[in-house]
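Okay, so here's the structure we're looking at.
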Amino acid sequence: MQKRVKFDFEIYFTNGGSIKGEDFRLDISGNDIADKELADYIVEDLQLLMVGKTKILNKEIIIENLLTKLIKQTF
């Protein structure tokens with residue numbers, strides 16, 4: 001079983017514009033993850049520049065059996 005965080009996000013840029021994500025899932029090693037840590041991870045992983053305000057919304061910790069999901073998807 002793998003703990004994951006499921007969440008929505010909004011990232012606003014200092015030079016205008018924004019991006020949004022819905023139902024993102026990310027593996028986590030602990031029981032929880034801070035909103036700032038999630039936002040920092042997204043910004044770094046997507047190599048975003050000129051980031052202003054970030055919002056993490058609808059955060060939920062879930063437990064999934066990834067092996068079962070992968071097996072079901074291959075058939």
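The basis for the numbers below is simple: all heavy atoms, side chains too, and nothing from hydrogens, waters or symmetry mates.
Atom CD of Q2 is separated from atom CZ of R25 by 12.0 Å, given to the nearest 0.5 angstrom. Put simply, CZ on R4 and CD on E60 are 12.5 Å apart, with the number rounded to the nearest 0.5 Å.
Both V43 and L26 sit in one connected hydrophobic cluster of ILVMFWY residues. Membership requires side-chain heavy atoms under 4.5 Å apart, directly or through other members. Residue F24 is not grouped with residue L57 when hydrophobic side chains (ILVMFWY) are merged at heavy-atom distances under 4.5 angstrom, including chains of intermediate members.
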For residues 28-40, dump all side-chain donor-acceptor pairs below 3.5 Å to protein atoms at least two apart in sequence or in another chain.
| from | atom 1 | to | atom 2 | distance (Å) |
| --- | --- | --- | --- | --- |
| N31 | OD1 | K3 | NZ | 2.3 |
| D35 | OD1 | K59 | NZ | 2.9 |
| K36 | NZ | D40 | OD1 | 3.3 |
| K36 | NZ | D40 | OD2 | 3.0 |

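For F13, the CZ atom counts as densely surrounded, since its 6.0 Å shell holds more than 12 non-hydrogen atoms of other residues, nucleotides or ligands.
Contact of the I19 side chain with the Y12 side chain is not registered, since no non-hydrogen atoms from C-beta on lie closer than 4.5 Å. Considering only heavy atoms from C-beta on, F7 comes within 4.5 Å of I42 through its side chain.
With hydrogens and angles ignored, the 3.5 Å screen pairs no side-chain donor or acceptor of T54 with any backbone N or O of I11. A side-chain donor-acceptor contact under 3.5 Å links D8 to the backbone of D23.
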